[in-house]
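Here the structure is laid out as C-alpha coordinates; the discussion comes afterwards.
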2 protein chains.
Amino acid sequence: MDVRTRILHAAAELLSHAPEADISTRAVCEAARVGAPALYRQFGDKEGLLTAVVDYGFEQYLAGRSPACSSDDPVQDLKNGWDDHVGFAVDNPNHYRLMYSPGLSAPPGAAAEAHRLLLEILERCAAGGRLRTSPQTAANMIMSAMAGVALSLVSRPTISADTEFSGRVRDAVIEAVTVPAVAGGRAPAYGGTAVAAATLGALLPEGPVAPLTEAETGLLREWLGRLSDTSITIA
Amino acid sequence: MDVRTRILHAAAELLSHAPEADISTRAVCEAARVGAPALYRQFGDKEGLLTAVVDYGFEQYLAGRSPACSSDDPVQDLKNGWDDHVGFAVDNPNHYRLMYSPGLSAPPGAAAEAHRLLLEILERCAAGGRLRTSPQTAANMIMSAMAGVALSLVSRPTISADTEFSGRVRDAVIEAVTVPAVAGGRAPAYGGTAVAAATLGALLPEGPVAPLTEAETGLLREWLGRLSDTSITIA
DNA sequence: AAAACGTGTTAACGTCGCTACCGTGGACGT
DNA sequence: ACGTCCACGGTAGCGACGTTAACACGTTTT
(Lines give C-alpha, C1' and ligand atoms only; values in the text may rest on other atoms or scores of the structure.)
Protein backbone atom coordinates (compact mmCIF):
# COMPACT_ATOMS: atom_id res chain seq x y z
CA MET A 1 0.00 0.00 0.00
CA ASP A 2 1.13 3.52 -0.68
CA VAL A 3 2.67 5.39 2.22
CA ARG A 4 0.29 8.27 1.75
CA THR A 5 -2.82 6.14 1.92
CA ARG A 6 -1.39 4.21 4.85
CA ILE A 7 -1.02 7.46 6.78
CA LEU A 8 -4.49 8.51 5.64
CA HIS A 9 -6.10 5.30 6.82
CA ALA A 10 -4.27 5.36 10.14
CA ALA A 11 -5.33 8.95 10.75
CA ALA A 12 -8.94 8.21 9.83
CA GLU A 13 -8.96 5.21 12.13
CA LEU A 14 -7.51 7.17 15.02
CA LEU A 15 -9.84 10.08 14.38
CA SER A 16 -12.98 7.96 14.33
CA HIS A 17 -12.10 6.46 17.71
CA ALA A 18 -10.80 9.62 19.37
CA PRO A 19 -12.89 10.94 22.25
CA GLU A 20 -12.45 14.54 21.09
CA ALA A 21 -11.71 15.50 17.53
CA ASP A 22 -7.98 15.92 18.06
CA ILE A 23 -5.25 13.47 17.14
CA SER A 24 -1.49 13.82 17.44
CA THR A 25 0.76 13.43 14.46
CA ARG A 26 2.99 11.21 16.56
CA ALA A 27 0.18 8.73 17.13
CA VAL A 28 -0.60 8.75 13.43
CA CYS A 29 3.04 8.10 12.56
CA GLU A 30 3.24 5.27 15.06
CA ALA A 31 0.00 3.71 13.84
CA ALA A 32 1.14 3.92 10.24
CA ARG A 33 4.67 2.78 11.19
CA VAL A 34 6.13 5.82 9.50
CA GLY A 35 8.57 8.47 10.55
CA ALA A 36 7.41 11.98 11.15
CA PRO A 37 9.12 13.53 8.09
CA ALA A 38 7.22 11.14 5.80
CA LEU A 39 3.96 12.55 7.11
CA TYR A 40 5.08 16.12 6.73
CA ARG A 41 6.45 15.45 3.28
CA GLN A 42 3.10 14.06 2.16
CA PHE A 43 0.76 16.55 3.81
CA GLY A 44 3.00 19.49 4.62
CA ASP A 45 1.25 20.23 7.87
CA LYS A 46 -0.98 18.78 10.53
CA GLU A 47 -3.81 20.84 9.16
CA GLY A 48 -3.06 19.48 5.70
CA LEU A 49 -3.33 15.96 7.04
CA LEU A 50 -6.62 16.68 8.79
CA THR A 51 -8.20 18.30 5.77
CA ALA A 52 -7.03 15.38 3.63
CA VAL A 53 -8.60 12.93 6.08
CA VAL A 54 -11.86 14.87 6.14
CA ASP A 55 -11.94 15.14 2.36
CA TYR A 56 -11.27 11.43 2.05
CA GLY A 57 -14.03 10.48 4.46
CA PHE A 58 -16.55 12.83 2.92
CA GLU A 59 -15.72 11.62 -0.58
CA GLN A 60 -16.26 8.03 0.48
CA TYR A 61 -19.57 8.94 2.07
CA LEU A 62 -20.68 10.73 -1.08
CA ALA A 63 -19.67 7.78 -3.22
CA GLY A 64 -21.92 5.51 -1.18
CA ARG A 65 -25.01 7.67 -1.64
CA SER A 66 -24.71 9.26 -5.06
CA PRO A 67 -27.67 7.48 -6.71
CA ALA A 68 -30.11 9.08 -4.29
CA CYS A 69 -29.72 12.51 -5.86
CA SER A 70 -31.46 14.05 -8.82
CA SER A 71 -35.02 12.83 -8.59
CA ASP A 72 -37.85 14.59 -10.43
CA ASP A 73 -38.66 16.92 -7.51
CA PRO A 74 -35.69 19.18 -6.72
CA VAL A 75 -37.25 20.32 -3.45
CA GLN A 76 -37.41 16.69 -2.34
CA ASP A 77 -33.75 16.39 -3.35
CA LEU A 78 -33.10 19.33 -1.08
CA LYS A 79 -34.64 17.51 1.87
CA ASN A 80 -32.83 14.30 1.04
CA GLY A 81 -29.59 16.23 0.80
CA TRP A 82 -30.21 17.73 4.23
CA ASP A 83 -30.85 14.33 5.75
CA ASP A 84 -27.76 12.89 4.08
CA HIS A 85 -25.63 15.75 5.37
CA VAL A 86 -26.90 15.39 8.92
CA GLY A 87 -26.55 11.64 8.62
CA PHE A 88 -22.89 11.99 7.71
CA ALA A 89 -22.39 14.23 10.71
CA VAL A 90 -24.02 11.75 13.07
CA ASP A 91 -22.14 8.80 11.60
CA ASN A 92 -18.75 10.56 11.62
CA PRO A 93 -18.89 13.08 14.44
CA ASN A 94 -15.19 13.81 14.59
CA HIS A 95 -14.84 14.21 10.85
CA TYR A 96 -17.75 16.59 10.89
CA ARG A 97 -16.44 18.55 13.85
CA LEU A 98 -13.21 19.08 11.96
CA MET A 99 -15.11 20.06 8.83
CA TYR A 100 -17.00 22.89 10.46
CA SER A 101 -14.94 23.67 13.51
CA PRO A 102 -13.31 27.05 13.55
CA GLY A 103 -9.54 27.04 13.79
CA LEU A 104 -8.68 25.65 10.42
CA SER A 105 -7.31 28.54 8.39
CA ALA A 106 -8.29 26.95 5.08
CA PRO A 107 -11.70 25.28 5.26
CA PRO A 108 -11.47 21.71 3.98
CA GLY A 109 -12.44 21.00 0.41
CA ALA A 110 -15.22 18.79 1.72
CA ALA A 111 -17.10 21.81 3.04
CA ALA A 112 -16.75 23.55 -0.30
CA GLU A 113 -17.90 20.38 -2.03
CA ALA A 114 -20.95 20.14 0.20
CA HIS A 115 -21.75 23.78 -0.53
CA ARG A 116 -21.35 23.16 -4.25
CA LEU A 117 -23.67 20.15 -4.15
CA LEU A 118 -26.29 22.16 -2.29
CA LEU A 119 -26.00 25.02 -4.74
CA GLU A 120 -26.44 22.62 -7.63
CA ILE A 121 -29.72 21.30 -6.25
CA LEU A 122 -30.87 24.84 -5.54
CA GLU A 123 -30.18 25.89 -9.11
CA ARG A 124 -32.39 23.05 -10.24
CA CYS A 125 -35.05 24.34 -7.85
CA ALA A 126 -34.72 27.82 -9.30
CA ALA A 127 -34.92 26.45 -12.83
CA GLY A 128 -38.23 24.85 -11.87
CA GLY A 129 -39.56 28.13 -10.49
CA ARG A 130 -39.55 26.79 -6.95
CA LEU A 131 -37.11 29.24 -5.36
CA ARG A 132 -37.95 32.50 -3.61
CA THR A 133 -34.37 33.77 -3.38
CA SER A 134 -31.17 33.54 -5.32
CA PRO A 135 -29.55 30.10 -5.13
CA GLN A 136 -26.54 31.65 -3.40
CA THR A 137 -28.61 33.18 -0.62
CA ALA A 138 -30.64 30.01 -0.19
CA ALA A 139 -27.44 27.95 -0.07
CA ASN A 140 -26.02 30.14 2.68
CA MET A 141 -29.23 29.99 4.67
CA ILE A 142 -29.64 26.24 4.37
CA MET A 143 -25.98 25.47 4.93
CA SER A 144 -25.78 27.57 8.07
CA ALA A 145 -28.90 26.13 9.64
CA MET A 146 -27.91 22.62 8.60
CA ALA A 147 -24.43 22.92 10.06
CA GLY A 148 -25.90 24.33 13.25
CA VAL A 149 -28.30 21.43 13.59
CA ALA A 150 -25.62 18.87 12.78
CA LEU A 151 -23.14 20.40 15.22
CA SER A 152 -25.78 20.42 17.93
CA LEU A 153 -26.49 16.76 17.30
CA VAL A 154 -22.85 15.70 17.41
CA SER A 155 -21.83 17.96 20.29
CA ARG A 156 -24.81 17.74 22.61
CA PRO A 157 -26.30 14.26 22.44
CA THR A 158 -29.05 15.26 24.86
CA ILE A 159 -30.91 16.86 21.97
CA SER A 160 -30.80 13.82 19.75
CA ALA A 161 -33.60 12.30 21.80
CA ASP A 162 -36.00 14.23 19.60
CA THR A 163 -35.58 12.46 16.30
CA GLU A 164 -37.84 14.95 14.58
CA PHE A 165 -35.73 17.89 15.59
CA SER A 166 -33.57 18.00 12.46
CA GLY A 167 -36.57 17.53 10.18
CA ARG A 168 -38.41 20.43 11.79
CA VAL A 169 -35.61 22.91 11.18
CA ARG A 170 -35.10 21.45 7.73
CA ASP A 171 -38.71 21.98 6.72
CA ALA A 172 -38.80 25.43 8.27
CA VAL A 173 -35.82 26.70 6.31
CA ILE A 174 -36.64 24.92 3.07
CA GLU A 175 -40.24 26.10 3.11
CA ALA A 176 -38.98 29.61 3.69
CA VAL A 177 -36.87 29.66 0.53
CA THR A 178 -39.10 27.62 -1.78
CA VAL A 179 -42.60 27.98 -3.14
CA PRO A 180 -45.01 25.05 -3.23
CA ALA A 181 -45.32 23.14 -6.47
CA VAL A 182 -48.36 23.81 -8.65
CA ALA A 183 -50.24 21.14 -10.53
CA GLY A 184 -49.68 22.32 -14.08
CA GLY A 185 -45.93 22.00 -14.42
CA ARG A 186 -43.76 25.10 -14.21
CA ALA A 187 -45.21 28.07 -12.37
CA PRO A 188 -44.31 31.33 -14.09
CA ALA A 189 -44.35 34.61 -12.21
CA TYR A 190 -46.08 33.09 -9.21
CA GLY A 191 -44.88 34.65 -6.01
CA GLY A 192 -43.97 38.01 -7.50
CA THR A 193 -40.82 39.41 -8.97
CA ALA A 194 -38.50 37.53 -6.64
CA VAL A 195 -39.50 34.08 -7.85
CA ALA A 196 -39.56 35.20 -11.46
CA ALA A 197 -36.09 36.69 -11.15
CA ALA A 198 -34.73 33.58 -9.45
CA THR A 199 -36.28 31.40 -12.13
CA LEU A 200 -34.91 33.50 -14.95
CA GLY A 201 -31.49 33.60 -13.34
CA ALA A 202 -31.40 29.83 -13.15
CA LEU A 203 -32.58 29.42 -16.70
CA LEU A 204 -29.86 31.66 -18.13
CA PRO A 205 -27.15 29.66 -19.89
CA GLU A 206 -23.55 29.70 -18.77
CA GLY A 207 -22.01 32.09 -21.31
CA PRO A 208 -23.32 35.43 -22.58
CA VAL A 209 -26.95 35.47 -23.64
CA ALA A 210 -27.50 35.81 -27.36
CA PRO A 211 -28.55 39.46 -27.82
CA LEU A 212 -26.42 40.79 -24.95
CA THR A 213 -22.73 41.36 -24.53
CA GLU A 214 -20.79 39.53 -21.88
CA ALA A 215 -20.64 42.61 -19.64
CA GLU A 216 -24.37 43.18 -20.01
CA THR A 217 -25.06 39.56 -19.17
CA GLY A 218 -22.95 39.82 -16.05
CA LEU A 219 -24.82 42.93 -14.95
CA LEU A 220 -28.15 41.29 -15.68
CA ARG A 221 -27.11 38.32 -13.62
CA GLU A 222 -26.22 40.56 -10.70
CA TRP A 223 -29.53 42.41 -10.94
CA LEU A 224 -31.47 39.18 -11.04
CA GLY A 225 -29.67 38.00 -7.94
CA ARG A 226 -30.52 41.23 -6.18
CA LEU A 227 -34.13 41.12 -7.35
CA SER A 228 -34.60 37.55 -6.22
CA ASP A 229 -33.30 38.47 -2.79
CA THR A 230 -35.71 41.39 -2.41
CA SER A 231 -38.76 40.36 -0.46
CA ILE A 232 -41.03 43.04 -1.97
CA THR A 233 -43.55 41.03 -3.94
CA ILE A 234 -45.96 43.86 -4.72
CA ALA A 235 -44.69 46.00 -7.56
CA MET B 1 -6.78 44.36 41.51
CA ASP B 2 -7.42 40.77 42.37
CA VAL B 3 -5.12 38.24 40.81
CA ARG B 4 -8.03 36.26 39.45
CA THR B 5 -9.59 39.21 37.65
CA ARG B 6 -6.16 40.28 36.42
CA ILE B 7 -5.71 36.88 34.79
CA LEU B 8 -9.27 37.07 33.49
CA HIS B 9 -8.74 40.48 31.93
CA ALA B 10 -5.42 39.49 30.41
CA ALA B 11 -6.92 36.35 28.92
CA ALA B 12 -9.90 38.24 27.53
CA GLU B 13 -7.59 40.85 26.03
CA LEU B 14 -5.38 38.24 24.42
CA LEU B 15 -8.38 36.26 23.20
CA SER B 16 -10.06 39.23 21.57
CA HIS B 17 -6.90 40.04 19.59
CA ALA B 18 -5.90 36.47 18.74
CA PRO B 19 -6.10 35.52 15.07
CA GLU B 20 -7.57 32.11 15.86
CA ALA B 21 -9.50 31.35 19.02
CA ASP B 22 -6.58 29.77 20.82
CA ILE B 23 -4.39 31.35 23.45
CA SER B 24 -1.55 29.83 25.46
CA THR B 25 -1.56 29.82 29.21
CA ARG B 26 2.02 31.04 29.12
CA ALA B 27 1.04 34.17 27.22
CA VAL B 28 -1.77 34.79 29.69
CA CYS B 29 0.59 34.39 32.63
CA GLU B 30 3.11 36.75 31.08
CA ALA B 31 0.47 39.35 30.23
CA ALA B 32 -0.93 39.18 33.75
CA ARG B 33 2.60 39.08 35.26
CA VAL B 34 1.70 35.95 37.15
CA GLY B 35 3.33 32.58 37.54
CA ALA B 36 1.75 29.58 35.97
CA PRO B 37 0.66 27.86 39.21
CA ALA B 38 -1.35 30.94 40.16
CA LEU B 39 -3.42 30.49 37.04
CA TYR B 40 -3.89 26.80 37.67
CA ARG B 41 -4.80 27.41 41.27
CA GLN B 42 -7.50 29.87 40.24
CA PHE B 43 -8.97 28.04 37.27
CA GLY B 44 -7.72 24.51 37.69
CA ASP B 45 -7.26 23.99 33.99
CA LYS B 46 -6.85 25.75 30.70
CA GLU B 47 -10.40 24.81 29.85
CA GLY B 48 -11.54 26.24 33.18
CA LEU B 49 -9.84 29.51 32.33
CA LEU B 50 -11.41 29.65 28.88
CA THR B 51 -14.91 28.91 30.14
CA ALA B 52 -14.45 31.55 32.83
CA VAL B 53 -13.36 34.08 30.21
CA VAL B 54 -16.30 33.23 27.97
CA ASP B 55 -18.75 33.42 30.87
CA TYR B 56 -17.30 36.76 31.93
CA GLY B 57 -17.57 38.25 28.44
CA PHE B 58 -21.08 36.96 27.89
CA GLU B 59 -22.21 38.23 31.26
CA GLN B 60 -20.87 41.68 30.49
CA TYR B 61 -22.60 41.66 27.12
CA LEU B 62 -25.88 40.66 28.74
CA ALA B 63 -25.54 43.38 31.35
CA GLY B 64 -25.24 46.00 28.63
CA ARG B 65 -28.42 44.91 26.85
CA SER B 66 -30.79 43.70 29.52
CA PRO B 67 -33.42 46.48 29.24
CA ALA B 68 -34.21 45.45 25.64
CA CYS B 69 -35.97 42.28 26.73
CA SER B 70 -39.52 41.71 27.82
CA SER B 71 -41.59 43.92 25.60
CA ASP B 72 -45.32 43.33 25.12
CA ASP B 73 -44.85 41.06 22.10
CA PRO B 74 -42.91 37.92 23.05
CA VAL B 75 -42.38 36.96 19.41
CA GLN B 76 -40.72 40.31 18.84
CA ASP B 77 -38.57 39.57 21.90
CA LEU B 78 -37.61 36.36 20.20
CA LYS B 79 -36.37 38.21 17.14
CA ASN B 80 -34.56 40.77 19.25
CA GLY B 81 -32.94 37.99 21.21
CA TRP B 82 -31.76 36.37 17.99
CA ASP B 83 -30.25 39.63 16.77
CA ASP B 84 -28.58 40.22 20.12
CA HIS B 85 -27.12 36.73 20.10
CA VAL B 86 -25.76 37.07 16.57
CA GLY B 87 -24.54 40.55 17.43
CA PHE B 88 -22.54 39.19 20.33
CA ALA B 89 -21.01 36.59 18.05
CA VAL B 90 -20.01 39.17 15.46
CA ASP B 91 -18.63 41.55 18.09
CA ASN B 92 -16.70 38.84 19.95
CA PRO B 93 -15.87 36.20 17.36
CA ASN B 94 -13.29 34.35 19.42
CA HIS B 95 -15.42 34.28 22.54
CA TYR B 96 -18.26 32.90 20.47
CA ARG B 97 -16.10 30.33 18.74
CA LEU B 98 -15.05 29.04 22.13
CA MET B 99 -18.65 29.04 23.34
CA TYR B 100 -19.90 26.75 20.61
CA SER B 101 -16.74 25.07 19.41
CA PRO B 102 -16.61 21.35 20.00
CA GLY B 103 -13.72 20.12 22.09
CA LEU B 104 -14.69 21.59 25.40
CA SER B 105 -15.79 18.69 27.53
CA ALA B 106 -18.02 20.85 29.71
CA PRO B 107 -19.90 23.46 27.66
CA PRO B 108 -19.45 26.90 29.20
CA GLY B 109 -22.13 28.23 31.46
CA ALA B 110 -22.68 31.04 28.98
CA ALA B 111 -24.19 28.63 26.47
CA ALA B 112 -26.50 27.23 29.13
CA GLU B 113 -27.42 30.78 30.13
CA ALA B 114 -28.21 31.69 26.52
CA HIS B 115 -30.36 28.59 26.23
CA ARG B 116 -32.16 29.46 29.47
CA LEU B 117 -32.87 33.00 28.28
CA LEU B 118 -34.25 31.71 25.01
CA LEU B 119 -36.42 29.18 26.81
CA GLU B 120 -37.76 31.91 29.04
CA ILE B 121 -38.90 34.01 26.11
CA LEU B 122 -40.41 30.94 24.47
CA GLU B 123 -42.40 30.14 27.56
CA ARG B 124 -43.85 33.63 27.42
CA CYS B 125 -44.71 32.97 23.76
CA ALA B 126 -46.44 29.74 24.73
CA ALA B 127 -48.31 31.48 27.51
CA GLY B 128 -49.62 33.91 24.91
CA GLY B 129 -50.79 31.09 22.65
CA ARG B 130 -48.19 31.95 20.04
CA LEU B 131 -46.19 28.71 20.02
CA ARG B 132 -46.76 25.70 17.78
CA THR B 133 -44.40 23.35 19.66
CA SER B 134 -43.20 22.80 23.17
CA PRO B 135 -40.83 25.52 24.37
CA GLN B 136 -38.06 22.93 24.69
CA THR B 137 -38.33 21.83 21.08
CA ALA B 138 -38.57 25.39 19.85
CA ALA B 139 -35.53 26.32 21.93
CA ASN B 140 -33.49 23.52 20.42
CA MET B 141 -34.55 24.44 16.91
CA ILE B 142 -33.88 28.14 17.30
CA MET B 143 -30.63 27.68 19.19
CA SER B 144 -29.21 25.29 16.62
CA ALA B 145 -30.08 27.44 13.63
CA MET B 146 -28.93 30.58 15.44
CA ALA B 147 -25.59 29.06 16.38
CA GLY B 148 -25.14 27.83 12.84
CA VAL B 149 -25.79 31.27 11.41
CA ALA B 150 -23.54 32.95 13.95
CA LEU B 151 -20.71 30.48 13.40
CA SER B 152 -21.00 30.98 9.66
CA LEU B 153 -20.78 34.73 10.12
CA VAL B 154 -17.73 34.61 12.37
CA SER B 155 -15.92 31.84 10.49
CA ARG B 156 -16.60 32.71 6.86
CA PRO B 157 -16.69 36.50 6.47
CA THR B 158 -17.52 36.13 2.79
CA ILE B 159 -21.14 35.52 3.73
CA SER B 160 -21.47 38.59 5.89
CA ALA B 161 -21.79 40.69 2.76
CA ASP B 162 -25.47 39.83 2.80
CA THR B 163 -26.65 41.71 5.84
CA GLU B 164 -30.13 40.24 5.53
CA PHE B 165 -28.88 36.70 5.70
CA SER B 166 -29.25 36.26 9.45
CA GLY B 167 -32.69 37.88 9.47
CA ARG B 168 -33.93 35.54 6.76
CA VAL B 169 -33.05 32.40 8.67
CA ARG B 170 -34.34 33.99 11.86
CA ASP B 171 -37.76 34.72 10.38
CA ALA B 172 -37.92 31.30 8.73
CA VAL B 173 -37.35 29.41 11.94
CA ILE B 174 -39.37 31.70 14.17
CA GLU B 175 -42.34 31.69 11.82
CA ALA B 176 -42.17 27.92 11.74
CA VAL B 177 -42.58 27.58 15.51
CA THR B 178 -44.98 30.45 16.17
CA VAL B 179 -48.46 31.36 15.06
CA PRO B 180 -49.35 34.89 13.98
CA ALA B 181 -50.99 37.15 16.53
CA VAL B 182 -54.72 37.71 16.26
CA ALA B 183 -56.41 41.03 16.87
CA GLY B 184 -58.59 40.17 19.86
CA GLY B 185 -56.04 39.35 22.48
CA ARG B 186 -55.26 35.73 23.29
CA ALA B 187 -56.12 33.17 20.62
CA PRO B 188 -57.52 30.00 22.15
CA ALA B 189 -57.39 26.70 20.28
CA TYR B 190 -56.26 28.34 17.08
CA GLY B 191 -53.96 26.07 15.15
CA GLY B 192 -55.22 22.81 16.53
CA THR B 193 -54.30 20.69 19.47
CA ALA B 194 -50.59 21.44 19.29
CA VAL B 195 -50.96 25.14 19.97
CA ALA B 196 -53.59 24.52 22.61
CA ALA B 197 -51.35 22.01 24.37
CA ALA B 198 -48.34 24.33 24.23
CA THR B 199 -50.44 27.17 25.58
CA LEU B 200 -51.84 25.12 28.40
CA GLY B 201 -48.42 23.75 29.28
CA ALA B 202 -47.05 27.26 29.55
CA LEU B 203 -49.98 28.46 31.63
CA LEU B 204 -49.60 25.68 34.18
CA PRO B 205 -48.11 26.93 37.46
CA GLU B 206 -44.84 25.64 38.81
CA GLY B 207 -46.05 23.22 41.45
CA PRO B 208 -48.86 20.65 41.30
CA VAL B 209 -52.14 21.89 39.87
CA ALA B 210 -54.96 22.19 42.40
CA PRO B 211 -57.14 19.14 41.72
CA LEU B 212 -54.28 16.88 40.67
CA THR B 213 -51.53 15.12 42.56
CA GLU B 214 -47.92 15.92 41.90
CA ALA B 215 -47.40 12.71 39.92
CA GLU B 216 -50.48 13.36 37.84
CA THR B 217 -49.30 16.89 37.12
CA GLY B 218 -45.94 15.61 35.98
CA LEU B 219 -47.57 13.14 33.66
CA LEU B 220 -49.91 15.81 32.32
CA ARG B 221 -46.94 18.04 31.68
CA GLU B 222 -45.18 15.30 29.74
CA TRP B 223 -48.29 14.58 27.67
CA LEU B 224 -48.74 18.24 26.87
CA GLY B 225 -45.16 18.42 25.68
CA ARG B 226 -45.68 15.43 23.44
CA LEU B 227 -48.98 16.80 22.15
CA SER B 228 -47.51 20.17 21.37
CA ASP B 229 -44.73 18.50 19.38
CA THR B 230 -47.17 16.47 17.28
CA SER B 231 -47.80 18.15 13.98
CA ILE B 232 -51.27 16.61 13.51
CA THR B 233 -53.59 19.57 13.70
CA ILE B 234 -56.74 17.82 12.55
CA ALA B 235 -58.36 15.88 15.35
C1' DA C 1 5.32 32.19 69.94
C1' DA C 2 4.43 28.52 66.98
C1' DA C 3 1.94 25.89 63.89
C1' DA C 4 -1.33 25.66 60.03
C1' DC C 5 -2.98 27.42 55.93
C1' DG C 6 -3.76 29.85 51.67
C1' DT C 7 -1.21 31.74 47.87
C1' DG C 8 2.48 32.90 45.00
C1' DT C 9 7.25 31.78 42.58
C1' DT C 10 11.03 28.85 40.44
C1' DA C 11 12.13 25.07 37.97
C1' DA C 12 11.15 21.14 35.83
C1' DC C 13 8.61 17.01 33.28
C1' DG C 14 6.30 14.96 29.42
C1' DT C 15 4.19 15.78 25.07
C1' DC C 16 3.32 18.25 21.10
C1' DG C 17 4.20 20.13 16.06
C1' DC C 18 7.86 20.46 13.25
C1' DT C 19 12.61 20.22 11.05
C1' DA C 20 17.90 19.94 10.18
C1' DC C 21 20.71 16.25 9.02
C1' DC C 22 21.89 11.97 7.13
C1' DG C 23 21.47 7.41 4.80
C1' DT C 24 19.49 4.69 1.00
C1' DG C 25 17.94 3.20 -3.43
C1' DG C 26 16.76 3.85 -8.03
C1' DA C 27 16.92 7.02 -12.57
C1' DC C 28 20.00 8.75 -15.76
C1' DG C 29 24.02 10.43 -18.43
C1' DT C 30 28.58 9.01 -20.14
C1' DA D 1 29.34 -0.65 -16.07
C1' DC D 2 29.94 3.13 -13.25
C1' DG D 3 29.51 7.66 -11.17
C1' DT D 4 26.16 11.43 -10.22
C1' DC D 5 21.97 13.14 -8.77
C1' DC D 6 17.82 13.22 -6.40
C1' DA D 7 13.41 11.88 -4.40
C1' DC D 8 12.34 9.76 -0.10
C1' DG D 9 12.22 8.05 4.54
C1' DG D 10 14.62 7.46 9.27
C1' DT D 11 17.18 9.57 13.58
C1' DA D 12 17.53 12.90 16.64
C1' DG D 13 16.60 17.10 18.15
C1' DC D 14 14.43 22.09 18.88
C1' DG D 15 11.21 25.19 20.71
C1' DA D 16 6.63 25.72 22.67
C1' DC D 17 2.98 23.93 25.07
C1' DG D 18 -0.01 22.33 29.42
C1' DT D 19 0.81 20.96 33.82
C1' DT D 20 2.87 20.10 38.37
C1' DA D 21 6.27 19.08 42.35
C1' DA D 22 9.01 21.70 45.66
C1' DC D 23 9.59 25.61 48.09
C1' DA D 24 8.89 30.75 50.12
C1' DC D 25 6.04 34.32 52.14
C1' DG D 26 2.19 36.53 54.71
C1' DT D 27 -1.90 35.82 57.45
C1' DT D 28 -4.60 33.47 60.78
C1' DT D 29 -5.43 30.28 64.53
C1' DT D 30 -4.05 27.89 68.83
Side-chain angles (χ1 to χ4, degrees), chain A residues 1-57 94-95 97-99 101-108, chain B residues 1-57 94-95 97-99 101-108:
Chain A
M1 196 192 297
D2 194 357
V3 176
R4 183 185 169 91
T5 63
R6 223 169 61 210
I7 298 176
L8 218 50
H9 282 145
E13 172 75 10
L14 283 179
L15 181 62
S16 62
H17 293 106
E20 300 288 337
D22 189 29
I23 55 179
S24 72
T25 60
R26 292 180 130 91
V28 173
C29 291
E30 189 176 356
R33 287 189 304 275
V34 167
L39 189 153
Y40 286 95
R41 176 174 294 279
Q42 294 292 334
F43 301 97
D45 206 350
K46 178 181 184 178
E47 189 173 315
L49 168 67
L50 291 181
T51 61
V53 170
V54 169
D55 288 355
Y56 179 70
N94 285 334
H95 285 68
R97 270 194 269 258
L98 279 176
M99 237 173 118
S101 118
L104 278 67
S105 63
Chain B
M1 197 194 298
D2 194 358
V3 176
R4 183 185 170 91
T5 63
R6 222 169 62 209
I7 298 177
L8 218 50
H9 282 145
E13 173 75 10
L14 283 179
L15 182 61
S16 62
H17 292 105
E20 300 287 337
D22 190 28
I23 56 177
S24 71
T25 59
R26 292 180 129 90
V28 173
C29 291
E30 189 177 356
R33 287 189 306 275
V34 167
L39 189 153
Y40 286 92
R41 175 175 293 280
Q42 296 291 334
F43 301 97
D45 207 350
K46 179 181 184 179
E47 188 174 313
L49 167 68
L50 291 181
T51 61
V53 170
V54 169
D55 287 356
Y56 179 71
N94 285 334
H95 285 68
R97 270 194 270 257
L98 278 178
M99 237 172 117
S101 123
L104 278 67
S105 63

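Not counting sequence neighbours, A:E30 has no partner by the side-chain hydrogen bond (donor to acceptor under 3.5 Å, both in side chains) test. Contacts of A:E20 classified as side-chain hydrogen bond (donor to acceptor under 3.5 Å, both in side chains), with partners at least two apart in sequence or in another chain: none. Applying the side-chain contact (heavy atoms from CB on, under 4.5 Å) rule to A:A10 yields the partners A:A31, A:A32; only residues at least two apart in sequence or on another chain are considered.
An OP1 or OP2 oxygen of C:dT7 is reached within less than 4.0 angstrom by no side-chain nitrogen or oxygen of B:Q42.
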> Could you walk me through whether B:V53 and B:L98 pass the side-chain contact (heavy atoms from CB on, under 4.5 Å) check?
Replying inline: CA-CA 10 Å; B:V53 170; B:L98 278 178; over 6 Å; no
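In this entry the distance linking CZ of B:R41 with C1' of C:dG6 reads 7 Å, nearest Å.
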Which atom pairs, donor and acceptor, lie under 3.5 Å between side-chain atoms of residues 39-51 of chain A and protein residues at least two apart or in another chain?
residue : atom : partner : partner atom : Å
A:Y40   : OH   : A:T25   : OG1          : 3.4
A:K46   : NZ   : A:D22   : OD1          : 3.2
A:K46   : NZ   : A:I23   : O            : 3.0
A:E47   : OE2  : A:S105  : N            : 3.2
A:E47   : OE2  : A:S105  : OG           : 2.9
A:E47   : OE2  : A:A106  : N            : 3.3
A:T51   : OG1  : A:E47   : O            : 3.2
A:T51   : OG1  : A:G48   : O            : 2.9

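Here chain B contacts DNA chain D (any atom closer than 4.0 Å to a heavy atom, that is under 4.0 Å), and the contacts span D:dC17 to D:dA21 from 5' to 3'.
The list of ring pair (Phe, Tyr, Trp, His ring centres under 6.0 Å) pairs with a residue in residues 1-23 of chain B, not counting sequence neighbours, reads B:H9-B:Y56.
Taking the side chain as every heavy atom from C-beta outward, A:V3 and A:I7 approach each other to under 4.5 Å.
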> In the 5'-to-3' direction, what one-character label does each nucleotide of nucleotides 12-25 of chain C receive under the scheme B = base within less than 4.0 Å of a protein heavy atom, S = sugar-phosphate only, - = no such atom?
Replying inline: B---BBBBB-----
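Residue A:H95 comes nearest to A:A12 through the heavy atom pair CE1-O, 4.2 Å, listed as atom of the first residue, atom of the second, then distance.
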